[in-house]
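A quick write-up on the structure given underneath.
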Amino acid sequence: MSEAVDEIVGPPAPEQARGSRPAPRAGVLGACDWLREGARSMLLLAPRWERLATSPWQVAFQVLLQIGMGVLLQRILIRDDAVFVWKSLLSGWANALLTVWLCYLIQPDPRIRRSPDGAPGAAYLVTLLTAQATWFALLAWALYFYLVVRTNVIAPGGAWAPWIIWIVPSLWSVLARLAVLMRAARPLAPLRTIVTIAVVALTTALGHYLAPSPSAWRAPPAPEAPEEEPFEVSQEMMEAQLPLLGDQIDALKPQRPGVIDMYTITFAPYEGEEVFRRESTMVADVMARRFDAAGRGLQLINHRETAETLPWATPLNLRRAIEGIAEIMDRDEDVLFIHLTSHGAADGELAANFWPIEVAPVMPPELKGWLDQAGIRYRVLSISACFAGNWIAPLAADGTLVMTASDADHTSYGCGKKSPLTFFGRAMYDEQLRTTTHSFIEAHAAARKIILRREQEAGKDDGYSNPQIKVGGKIVPVLERMNKRLAGKP
């Protein structure tokens, strides 16, 4: 009779502990016993309830162990300084409360280690499921560290990474949890078994899909940038700007008879984004160094820092720059390269901004008209903007190579305030033309693949930008002869 009472109410008497069954342990050793049985249940083995003893403190220990492990591992992932988010500790409790309710539904008496019908008490079930969940969380983190952080087999945002890191351990944990609860509910009414399956499915959905836990750490807030002083156009600035374009055109090197010279214009009309100024300067540098265009280039930029040293990027200045270069170059032999970088609209409009100065946008037919009027025969035109494919048809000609950062239906990428260069400018000019090739056609083909990969890695969600190129038949031999000279070939 005493043996039956001990089974129902609590741990066996000291004299029984000396029998065949080990006595349950308390404290840290007891917590280790719970983790051991949690690991067994993780492997779908039946827990050995006679070795366990629970209490409110034991439940609290298992819960805090799981929370502390998650907080520590999330902190390890952040290499720089981080701020602890206390509110993250308040998330995920709906799943825990449903689990507790389910355990009490199976066996309301929390003190029972094993009742005469075989069902353990609620407190025992809660403690075991918490210890089991700790192991599964550890498994998921181990997979993440090995596959992403250490070996970099898959990127964190990759298409199949979530299936490996979260879904597989999650499905396994559902099966293991269900095995524990089904063993506990089997001796009871069939209705409890049905409810067990339904609630496990519900708690799984809530825990893994409907209510994901936020990260316990976040990067510290960036210090507020000092407020930028308003840009003011002074009389001195206007007087310095008026002769600037003419002076720089007059300073261009003359064309060399018998040599295919490259003359360049970079045009960045949008003052609000630093990336356009950086890209314009970078492209001008690449053309000067790699295409023997040093001293034969103009930069037209709208930016407060260059407002007195470089001509402004306005439609009128662009037209005058084209006309000025046309007077210096051999229009039947030399090549004019123009790179335009800004935001783009679906109708082909190239955005312009230089407040408080009103600057009109440039449109494709306008640029085509200015080039035709100037009589420039060979042209390489580069448009780095969203929806830039709208420029292809208006600019295409036998003596023209026109290339764009996107097609007519998609945005380009990398034109935000934090971008060092646009994706197109970086891949096309800074990586391909700077070091790899003198061929615009080869560089564009290589850049397309690079841009596709980087856009996928960055999570671009409106489709591949799909950079375009159109090459006129008459400009191909001209560029080939120029490239042979640049490569030092006879």
Side-chain angles (χ1 to χ4, degrees), residues 249 252-256 259-269 279-280 283-284 286-288 290-293 296-300 313 315-342 344 348 350 362-385 388-405 424-425 428-429 433 437-444 447 467-483 485-486:
I249 291 175
L252 293 176
K253 291 182 179 179
Q255 66 89 24
R256 294 169 288 186
V259 176
I260 300 175
D261 284 315
M262 174 81 80
Y263 285 83
T264 69
I265 299 174
T266 56
F267 186 80
E279 177 163 304
S280 175
V283 172
V286 170
M287 303 310 293
R290 292 281 289 170
F291 289 85
D292 193 21
R296 295 184 174 86
L298 298 172
Q299 291 187 64
L300 277 60
L316 181 57
N317 274 355
L318 179 57
R319 179 178 180 177
R320 288 174 174 172
I322 293 172
E323 292 172 349
I325 288 178
E327 294 297 322
I328 299 173
M329 69 187 299
D330 185 333
R331 286 171 281 184
D332 294 324
E333 180 183 59
D334 297 333
V335 178
L336 175 60
F337 169 88
I338 301 179
H339 179 75
L340 303 96
T341 176
S342 182
L350 192 72
V362 175
M363 298 293 290
E366 293 177 324
L367 179 59
K368 176 69 159 53
W370 299 334
L371 292 167
D372 291 345
Q373 292 170 14
I376 297 173
R377 186 175 180 184
Y378 300 116
R379 317 157 183 177
V380 175
L381 308 176
S382 171
I383 299 90
S384 178
N390 288 291
W391 291 68
I392 294 285
L395 299 179
D398 286 342
T400 301
L401 183 153
V402 55
M403 50 192 171
T404 65
F424 177 73
M428 178 76 192
Y429 294 96
L433 289 177
T437 181
H438 289 98
S439 169
F440 293 103
I441 299 173
E442 292 178 2
H444 194 275
Q468 300 289 295
I469 188 170
K470 180 74 173 179
V471 185
K474 292 183 179 180
I475 197 175
V476 172
V478 175
L479 294 176
E480 288 179 348
R481 291 198 302 271
M482 183 182 66
N483 291 344
R485 175 178 69 83
L486 295 173

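One-based numbering along the sequence shown.
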Practice task
Write down the atom of Ala385, the atom of Ser342, and the distance for their closest heavy-atom approach.
Solution key: CB-O, 3.2 Å

Completion exercise
Residue set satisfying salt bridge (charged side-chain N to carboxylate O under 4.0 Å, His left out) with Arg379, at least two apart, ordered chain then number -> Asp372

Practice task
Supply the atom-to-atom distance Tyr263 OH to Lys253 NZ, rounded to the nearest 0.5 angstrom.
Solution key: 9.5 Å

Completion exercise
Heavy-atom nearest pair, Ile265 first then Ala321, reads CD1-CB, 3.9 Å

Fill in the blank from the handout: Ala388 and Thr404 have their tightest heavy-atom pair at O-CG2, 3.2 Å

Practice task
With sequence neighbours left out, write down each residue that passes side-chain contact (heavy atoms from CB on, under 4.5 Å) with Ala447, or none if nothing qualifies.
Solution key: Ala427, Met428, Ile451

Completion exercise
Heavy atoms of Met287 and Phe440 approach each other most closely as CE-CZ, 3.9 Å

Handout entry: With sequence neighbours excluded, residues passing side-chain contact (heavy atoms from CB on, under 4.5 Å) with Ala405
Key = Ser384, Ser412, Phe424

Exercise for the section: Output all residues satisfying side chain to side chain donor-acceptor pair (under 3.5 Å) with Ser382, sequence neighbours left out; order by chain, then residue number. Expected result: His339, Tyr429

Problem - Full working for side-chain contact (heavy atoms from CB on, under 4.5 Å) between Val283 and Leu433 - result: CA-CA 10 Å; Val283 172; Leu433 289 177; over 6 Å; no

Handout entry: 4.5 Å side-chain heavy-atom contact, Leu318 and Leu367
Key = yes

Problem - Set of residues satisfying ring-ring contact (aromatic ring centres under 6.0 Å, His included) with respect to His444, sequence neighbours excluded - result: none

Handout entry: Glu366: side chain to side chain donor-acceptor pair (under 3.5 Å) partners, not counting sequence neighbours
Key = none

Handout entry: Leu252 CG to Met329 CE distance, which is reported to the nearest 0.5 Å
Key = 11.0 Å

Problem - Between CG on residue Leu316 and CG on residue Leu300, distance to nearest 0.5 Å - result: 10.5 Å

Exercise for the section: May I have the step-by-step check of side-chain contact (heavy atoms from CB on, under 4.5 Å) for Arg256 and Asp292, ending in yes or no? Expected result: CA-CA 12 Å; Arg256 294 169 288 186; Asp292 193 21; 2.7 Å; yes

Problem - Qualifying residues under side chain to side chain donor-acceptor pair (under 3.5 Å), relative to Glu480, sequence neighbours excluded - result: none

Problem - CA sep, side-chain torsions, deciding dist, call: Ile328, Ile249, side-chain contact (heavy atoms from CB on, under 4.5 Å) - result: CA-CA 9 Å; Ile328 299 173; Ile249 291 175; 4.1 Å; yes

Exercise for the section: Would you check if the side chain of Asp261 reaches a backbone N or O of Gln255 as a donor-acceptor pair within less than 3.5 Å? Expected result: no

Practice task
Return the set of residues passing side chain to side chain donor-acceptor pair (under 3.5 Å) with Ser439 (not counting sequence neighbours), or none when no residue passes.
Solution key: none

Exercise for the section: Applying side-chain contact (heavy atoms from CB on, under 4.5 Å), name anything that partners Met482, two or more places apart in sequence or on another chain. Expected result: Ile260, Met262, Phe291, Leu479, Arg485, Leu486

Completion exercise
Rounding to 0.5 Å, atoms OH (Tyr378) and CG (Leu371) come to a distance of 15.0 Å

Problem - From OG1 (Thr264) to CD1 (Ile338), nearest 0.5 Å - result: 9.5 Å

Handout entry: Contacts of Glu323 that satisfy salt bridge (charged side-chain N to carboxylate O under 4.0 Å, His left out) - sequence neighbours left out
Key = Arg319

Fill in the blank from the handout: Nearest heavy-atom contact between Ala313 and Ala268 is CB-O, 3.6 Å

Fill in the blank from the handout: Applied to residues 329-338, the side-chain hydrogen bond (donor to acceptor under 3.5 Å, both in side chains) test, sequence neighbours excluded, yields none

Exercise for the section: Drop me the distance from Leu340's CG to Phe267's CZ, to the nearest 0.5 angstrom. Expected result: 6.5 Å

Completion exercise
What one should report as the nearest heavy-atom pair of Ala374 and Ile322 is CB-CG2, 3.8 Å

Name the atoms and distances for all side-chain donor-acceptor pairs under 3.5 Å in residues 391-403, with sequence neighbours left out.
{"from": "Trp391", "atom 1": "NE1", "to": "Gly348", "atom 2": "O", "distance (Å)": "3.0"}

